[in-house]
Amino acid sequence: MRKILFALIISALFVSPVSAANLLDDYDIIIAGAGSSGIAAGIQASRMGASVLIVEPTNLLGGQITAAGVSTMDDLSGQASGLYSEFITRAEEYYTSRGKSIGTCYWEKSNKAIEPHVAMKILSLMAGGEDEPDIIYKSQIVGVLTEKIIAVSGENLNETLCVRGVIVQTPEGKKNISCKILIDASEYGDILAMAGAEFRAGPAMIQDITWTAIIRKYPEGIPANLKPLNPLPGYDMAKWNYENYVSKDAAGFEGVYPVKPPVNFVTHNAYRGLPDSFLPGNYDAEQPELITKTCVNWPNDYPGQYKWQGKYGLPVEYLTDLNLRKRVERDALIKTLHFIYYIQNELGENWSVDDNEYNELPECAKDLPKEWQDIAKHLPPVPYVRESRRIIGVHTLTSEELHRNSLSYQGDNGNNEFNDAIAIGRYDLDLHLADSDSDMDLDEKREFITSHKPVGNFQIPLSILIPAKVDGLIAAEKNLSMSRLVSGALRVQPITMMTGQAAGVLAALAVSQKIQPREVKAIQVQRELLKSGVKLSLCNYSDVPENDKHYANIQIVSLYDLMQAKDINIFGVEDILTEEESARITEKINSMTRKKIEIPKLAGLTRGDAADILANLVENF
């Protein structure tokens with residue numbers, strides 16, 4: 001595939017674009033969006049030998065991590081694996097070689113943060129190599145080409161919509177491109193609608209968006225072009241808002257969650273503190289007074305405390321009405337610019353946007369006064385969008401299911417794992433000020449935010465990536481088949497990157513086997529993910545480290561509940577399997593299959609060897 005050329009010159013990453021003239025007429029897989037999920041899907045599918053095109057509206061890889069500026073990793077699982085682990089490991093190596101820590105955010109140095117320009121470089125490296133995706137920037141999918149497939153089943157005619165390709169709007173014009181699989185990894189789920197897939201949205205209000213800012217300290221004084229003399233219209237309301245979040249005389253972080261604003265400026269900066277590649281010295285999150293670079297993604301949520309016609313959150317029309325979307329995003333950008341003025345003039349701090357990050361004026365900022373354009377061009381090119389359309393899939397994940405799954409192996413709860421698990425994550429059901437009930441057809445209620453809160457790590461099942469009806473289409477990013485409450489837990493970068501990797505595996509296997517994604521067996525996806533270093537089971541066995549020869553197969557038998565732990569977190573890999581255990585396993589397999597499976601004699605084998613045999617039987621389930 002065509003190589004992406006790049007060079008890191010101080011902080012600017014230049015990637016040679018693929019022009020419309022150089023695009024192929026047909027790809028195995030086309031991915032809408034090079035965000036955290038889309039780039040992971042593209043990297044994975046390309047490494048498996050598929051031809052891949054990623055269509056990205058901005059000029060950046062990484063989506064919410066880079067183009068939206070949310071570069072502090074919201075990872076509560078403590079269990080990085082797969083491509084996300086590769087990303088974090090490369091980031092740690094990059095900063096360690098420069099004498100810097102990446103543990104600079106959320107007031108605890110165990111957390112991870114990466115500057116956007118560094119994250120971009122790492123993702124470009126990961127996407128490179130012998131097999132790599134084609135990536136076209138400043139382009140978007142404006143239409144989906146579908147075909148109605150009619151099949152005869154007895155006396156019934158079954159009609160299925162199947163994706164056959166896309167219409168791409170590039171800087172050089174439109175082009176029709178065919179594909180076997182289309183992955184919607186866009187930030188709004190726009191492709192779901194274009195493809196004719198059923199989806200949920202809202203139902204009434206959706207979560208705030210945030211136009212983030214990467215800001216830094218200027219020890220020698222703020223450059224004149226980054227310190228405007230006049231506030232933008234609406235500043236008085238913004239000042240009132242920011243006084244409730246950050247003020248000179250407020251207290252600092254005292255180790256108590258949730259943090260109660262207002263806080264002082266040092267504490268604000270430690271929330272999403274970033275490493276600083278351009279000033280000497282080092283710091284971590286437990287040295288907040290030393291932090292010189294941070295992300296503004298808290299007091300500037302939009303609409304936030306402003307509300308929208310008296311309600312928290314945004315109207316669902318933000319996802320479906322492009323004119324409203326433009327209006328909202330411009331207002332969100334201006335709200336963030338108000339904060340820059342507030343920092344400089346009310347707090348008296350020598351901080352402004354980091355002129356080492358970004359360098360292109362967002363479209364919605366082009367009519368701002370000139371003195372504000374120099375600042376706005378160092379903002380991320382797009383806002384952080386927390387909530388998207390959600391496809392109606394083969395299965396829809398609810399908060400009750402996620403809660404029950406997170407209880408696995410805790411106390412007497414036993415194995416509540418998803419047989420078709422493709423990733424592990426952890427986060428709250430965080431709906432971020434969206435004031436409405438959720439998915440009444442799924443019996444989801446507002447109070448479930450508390451009662452169904454995950455209490456540990458949870459799994460994401462493969463079935464929520466696959467549309468219920470449309471073929472040739474896979475959902476990724478925040479577009480999965482889940483309730484609105486669950487979307488609050490699955491929207492963060494580690495999870496979207498890992499589900500994106502799974503989408504890439506699913507697409508590549510469907511292409512290689514010449515079948516539809518819904519026909520690919522979960523065990524085949526799981527084996528490929530395990531081969532790529534992804535952890536799938538919620539049970540951590542102290543006697544089965546990742547380098548153990550039985551590790552992958554023990555993950556599988558745990559997922560399918562074919563074997564149970566001998567003790568808390570002990571598999572008993574070298575213990576001998578008893579006749580009683582063997583009988584239980586036979587009964588379990590017979591209950592899971594419609595056809596008779598010949599099960600080899602297991603009693604007398606070590607439990608590790610038995611797991612190897614059983615894992616190979618799962619293909620028959």
Side-chain angles (χ1 to χ4, degrees), residues 1-5 15-35 37-61 63 127-128 131-149 160-197 391 465-467 470-477 479 500 503-517:
M1 300 297 292
R2 193 181 191 297
K3 289 188 176 180
I4 305 167
L5 304 175
V15 181
S16 63
V18 178
S19 68
N22 290 327
L23 290 173
L24 304 179
D25 293 325
D26 178 72
Y27 287 87
D28 291 332
I29 301 163
I30 295 178
I31 301 171
S37 199
I39 190 61
I43 291 169
Q44 180 66 43
S46 294
R47 289 180 180 180
M48 292 174 65
S51 62
V52 178
L53 171 66
I54 305 178
V55 182
E56 169 54 34
T58 73
N59 61 349
L60 299 174
L61 301 179
D131 295 309
E132 55 190 22
D134 277 357
I135 304 174
I136 185 163
Y137 296 93
K138 295 287 187 177
S139 302
Q140 54 188 338
I141 293 171
V142 294
V144 176
L145 307 173
T146 59
E147 179 185 2
K148 288 183 180 179
I149 307 297
T160 304
L161 201 61
C162 186
V163 172
R164 296 301 191 196
V166 298
I167 305 169
V168 179
Q169 178 68 60
T170 78
E172 296 149 314
K174 289 183 180 179
K175 183 177 176 67
N176 288 17
I177 307 175
S178 300
C179 65
K180 299 174 182 67
I181 303 292
L182 173 62
I183 298 177
D184 186 357
S186 66
E187 298 296 327
Y188 308 96
D190 289 339
I191 310 306
L192 302 182
M194 292 181 197
I391 201 163
L465 278 63
I466 304 169
V470 179
D471 281 336
L473 180 67
I474 295 173
E477 192 58 36
N479 308 324
V505 170
L506 177 60
L509 288 174
V511 168
S512 65
Q513 296 177 35
K514 299 181 180 179
I515 58 177
Q516 289 299 326

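Heads up: numbering here begins at 1 and tracks the sequence.
A distance-only check finds no donor-acceptor pair linking the side chain of Gln516 to the backbone of Ala510 [under 3.5 Å]. For Ser37 (side chain) and Glu477 (main-chain N/O), a donor-acceptor pair under 3.5 Å exists by modelled atom type. No donor-acceptor pair closer than 3.5 Å links the side chain of Ser46 to the backbone N or O of Gln44. For Asn479 (side chain) and Asp184 (main-chain N/O), a donor-acceptor pair under 3.5 Å exists by modelled atom type. A distance-only check finds no donor-acceptor pair linking the side chain of Ser51 to the backbone of Tyr27 [under 3.5 Å].
In this structure, CG in Asn59 is found 5.0 Å from NZ in Lys138, a value given to the nearest 0.5 Å. In this structure, the separation between CD1 on Ile135 and CD1 on Ile54 is 4.5 Å, given to the nearest 0.5 Å. Atom CD1 of Ile30 sits about 10.0 Å away from atom NZ of Lys180, to the nearest 0.5 Å. Atom CG of Leu473 is separated from atom CD1 of Ile191 by 9.5 Å, given to the nearest 0.5 angstrom. Distance CG/Asp471 to CD1/Ile515: 11.0 Å, rounded to 0.5 Å.
Between Lys148 and Thr160 there is no side-chain heavy-atom pair separated by less than 4.5 Å. With a 4.5 Å cut-off on side-chain heavy atoms, Leu61 and Glu56 do not count as touching.
Heavy atoms of other residues, nucleotides or ligands lying less than 6.0 angstrom from NZ of Lys174 number 12 at most.
Listed here is the closest heavy atom pair of Ile183 and Ala476: CG2-CB, 3.8 Å.
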